[in-house]
Amino acid sequence: MSKARTVKDYIRTIVDFPHEGILFRDVTTLFADPRGFRMCVDQLLAPYAGLRIDKVAGLEARGFILGGAVAHQLSTGFVPIRKKGKLPGQTISQAYTLEYGEAVVEVHDDAMSPGEKVLLVDDLLATGGTAEAGIRLIERLGAEVVGCAFVVDLPELGGRKRLEALGMDVHALCQFDGL
């Protein structure tokens, strides 16, 4: 009898992408497999079953795929948090630092209402900079982040500790050591 597969088993590693020395954790192989993708979505939302969740917010870009599927399963709305300049209409922005330089994410200023409970979803937690920017946007709109759910955690980069220091509940399906 073969061992049951885990979400981690569906994720491939690509060496030296996008730079030499990087081990890129590619979740597209997970998304492409129907059993793996269903397992992933079910496991992402499992800790939040029974909680009030009004919206799921997904971080660009793979967070859109996951967040949309999670929102569908929870029968709730989905909110994209996008790179600057990609959303039509009125937005609010949040800058954050990258390894080299700065980036900005935005959300529509009417995407969430005060008091709404929001689950933040993305594929990978590295330094936590993008997720923290997403949390700040959600909170600026008066909504409350009930949890942050990721497929992969890269613990050596400190993202989980960063988000937990903000008081966030962090849920990751698997982790990979190394960069």
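For clarity, every value in this text was computed on a predicted model and none was experimentally measured.
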> Are Asp16 and Ile22 close enough, and set up right, to give a side-chain contact (heavy atoms from CB on, under 4.5 Å), and what steps lead you there?
Replying inline: CA-CA 5 Å; Asp16 295 330; Ile22 300 292; over 6 Å; no
>> Run the salt bridge (charged side-chain N to carboxylate O under 4.0 Å, His left out) test on Arg12 and Asp26 for me, step by step, so that the C-alpha distance in whole Å, both residues' side-chain angles and the decisive distance to 0.1 Å come before the verdict.
In response: CA-CA 5 Å; Arg12 71 178 164 192; Asp26 181 19; 2.6 Å; yes
> How far apart are the C-alpha atoms of Leu125 and Val152, what are their side-chain angles, what is the distance that settles it, and do they pass the side-chain contact (heavy atoms from CB on, under 4.5 Å) test?
Replying inline: CA-CA 6 Å; Leu125 177 58; Val152 175; over 6 Å; no
> Does the side chain to side chain donor-acceptor pair (under 3.5 Å) test come out yes or no for Glu106 and Ser93, once each step is laid out?
Replying inline: CA-CA 4 Å; Glu106 295 180 323; Ser93 304; 3.0 Å; yes
>> Please evaluate residues His72 and Phe78 with respect to the criterion side-chain contact (heavy atoms from CB on, under 4.5 Å), reporting the C-alpha separation (whole Å), side-chain torsions for both, the decisive distance (0.1 Å), and the verdict.
In response: CA-CA 8 Å; His72 173 76; Phe78 173 76; over 6 Å; no
> Could you go step by step and tell me if Ile81 and Glu60 meet the side-chain contact (heavy atoms from CB on, under 4.5 Å) rule?
Replying inline: CA-CA 6 Å; Ile81 297 177; Glu60 189 163 331; over 6 Å; no
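Rounding to the nearest 0.5 Å places CG of Leu30 at 5.5 Å from CD1 of Ile11. Atom OG1 of Thr13 and atom CG of Leu23 lie 6.5 Å apart (nearest 0.5 Å). Atom CG of Asp9 is separated from atom NZ of Lys3 by 5.5 Å, given to the nearest 0.5 angstrom.
Both the sub-6.0 Å distance and the 45° axial angle are satisfied by Lys8 relative to the ring of Phe176.
Residues passing the side chain to side chain donor-acceptor pair (under 3.5 Å) test with Tyr96 are Thr130, sequence neighbours excluded. Under the rule for a salt bridge (Lys or Arg N to Asp or Glu O under 4.0 Å), the partners of Glu132 that lie at least two apart in sequence or sit in another chain are Arg136, Arg162.
In this structure, the side chains of Ile138 and Glu144 stay at 4.5 Å or more apart for every pair of heavy atoms.
Within 6.0 Å of atom CZ in Arg5, more than 12 heavy atoms from other residues, nucleotides or ligands are found, so the atom counts as buried in its surroundings.
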